[in-house]
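Hydrogens, waters and symmetry mates play no part in the numbers below; they use all other heavy atoms, side chains included. Chain letters run A, B, ... following the sequence lines, proteins first, then strands; residues in each count from 1.
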There are 2 protein chains.
Amino acid sequence: MRTRHPDPPTRTSLLDAAEELMLAKGFVATTVDEICAAAGVTKGSFFHYFRNKEELGKVLLDRFSQRQEARFLEACASIEDPLERVMTMIDTAIAGSRDPAGKGCLVGTFAQEISETHPKLRQICELCFERLAAAVARDLVEAKERHAPDAAFDAAALGDFFVALGQGSLLLLKTTGERAVMERNLLHFKGYLRSLYGK
Amino acid sequence: MRTRHPDPPTRTSLLDAAEELMLAKGFVATTVDEICAAAGVTKGSFFHYFRNKEELGKVLLDRFSQRQEARFLEACASIEDPLERVMTMIDTAIAGSRDPAGKGCLVGTFAQEISETHPKLRQICELCFERLAAAVARDLVEAKERHAPDAAFDAAALGDFFVALGQGSLLLLKTTGERAVMERNLLHFKGYLRSLYGK
DNA sequence: ATTCTCATACCAACTGGTACGTATGAGCAA
DNA sequence: TTGCTCATACGTACCAGTTGGTATGAGAAT
């Protein structure tokens, strides 16, 4: 019985196919027909489940960011020291970059090309970035109070720093194909944090 | 007859229009018709000057990166200390991010969306990134020999670090519209360099 | 100087293909 | 029957690129 809808397989396969294609070629260059072909269904199905291409993008973005957030949460939830928590998050990101299945970040891919043309998608991307940055910033601000209360640096800004460094590394990876970039950059970031928080 | 060889104004206005549009909407989403309309010429002219849209992209990319490189060179050429040179480069980048005319980086914009679909353009982007990263890395390696020969960090990797941080910051800027991100992130980077090279 | 030639600069209309989206109905479960 | 799932077939718009021109000016021939 595939009637009642937690998750119709056709819809899921459409989402999976779209995600893979769009991670590689972006939102605009990926056509609905391509997605349907890759998913092994026809356009009728596509427009049965999604009002239009933009809505697919929205759903895809939500699904992607939710997964990502769950991964981070799972890795860090049990750690109570805020600095340790951030360090573990960085390690999680490094591990993700090693995994050949992790082909990039949908949020970054979308943000580049549709921020001017699809305001709604842009807003979702902004929210995703903001949530991640805020989580890191919160921990690092708390860690500063705890470990280095007298130091003079802007801990709150390090959330954006982390997001930017990660997204930039992914862009470099996509362009050069050199998988190790992300890891090297994040290790430098860890070094920076250690220097800020007194080893 | 207008100017002969050097730089027909029609061609230049096509390039200018294309650059502005593509910085905002990307390569794929910007249509040739749009470019022509913005430049105030017809499609016939476009295809008189460019074999196809991809060639326009190539020319645009070359022009953009050449300009950028000239700006950096002008700012740093006279400085002989390698660490000072990098610091000045960072300041130049910060200054560029303050200027409302600097609307982003074509290389980063293109790299995201065409790395899978237009191998030639991807290669140009890769080269641009590599040249910048290599310049920074060279200086920082030399600076390490000079200022911190015994420290244990990977100076060569800092070239990619700088490029990634810059590109990521531009992505954040595009997504959130918050212009100050680039400056905050690059200031943190300067702080990191100071900590590595012994203030 | 006048005319002929030819390359460059530009334009308007069109073509083939493709993209998104719709109309409609078949198959099946409840 | 009724409603959900999915397919076939089509419509409309638009996009990259082409065709077939016109206009202008440089240089050579006359």
Requested in this report: State yes or no: are the ring centers of B/Y192 and B/F162 separated by less than 6.0 Å?
Outcome: no
Report task. Mind listing the residues from residues 24-50 of chain A sitting with a heavy atom below 4.0 Å of DNA chain D? Number order is fine. Result -> A/V41, A/T42, A/G44, A/S45, A/H48, A/Y49
Report task. Give a yes or no on whether a salt bridge exists between A/D16 and A/R63, defined as a side-chain N under 4.0 angstrom from a carboxylate O. Result -> yes
**Report entry** Out of D/dA16, C/dG21, C/dA9, whichever nucleotide has its closest atom nearest the side chain of B/P8
**Finding:** C/dA9
For nucleotides 24-27 of chain C, give me every protein contact, N/O to N/O, under 3.5 Å, one pair per line with atom names.
none

Query raised in the report: Between A/R131 and A/E69, is there a side-chain N and carboxylate O pair less than 4.0 Å apart?
Result: yes
Report task. Calculate the interatomic distance between A/H118 atom NE2 and C/dC20 atom P; express it in whole Å. Result -> 10 Å
Requested in this report: Find the distance between NZ (B/K190) and CE (B/M87) and round it off to the nearest 0.5 Å.
Outcome: 6.0 Å
**Report entry** Ring geometry between A/F27 and A/H118 (parallel below 30°, tilted from 30 to 60°, perpendicular above 60°)
**Finding:** perpendicular
Report task. Find out whether A/L56 and A/L14 are in side-chain contact, i.e. whether some heavy atom of one side chain is under 4.5 Å from a heavy atom of the other. Result -> no
Query raised in the report: Taking only residues two or more places apart in sequence, or in another chain, which ones meet B/T42 in a side chain to side chain contact (heavy atoms under 4.5 Å, CB included)?
Result: B/S45
Query raised in the report: So how far is it from B/C105 SG to B/L170 CG, rounded to the nearest 0.5 Å?
Result: 6.5 Å
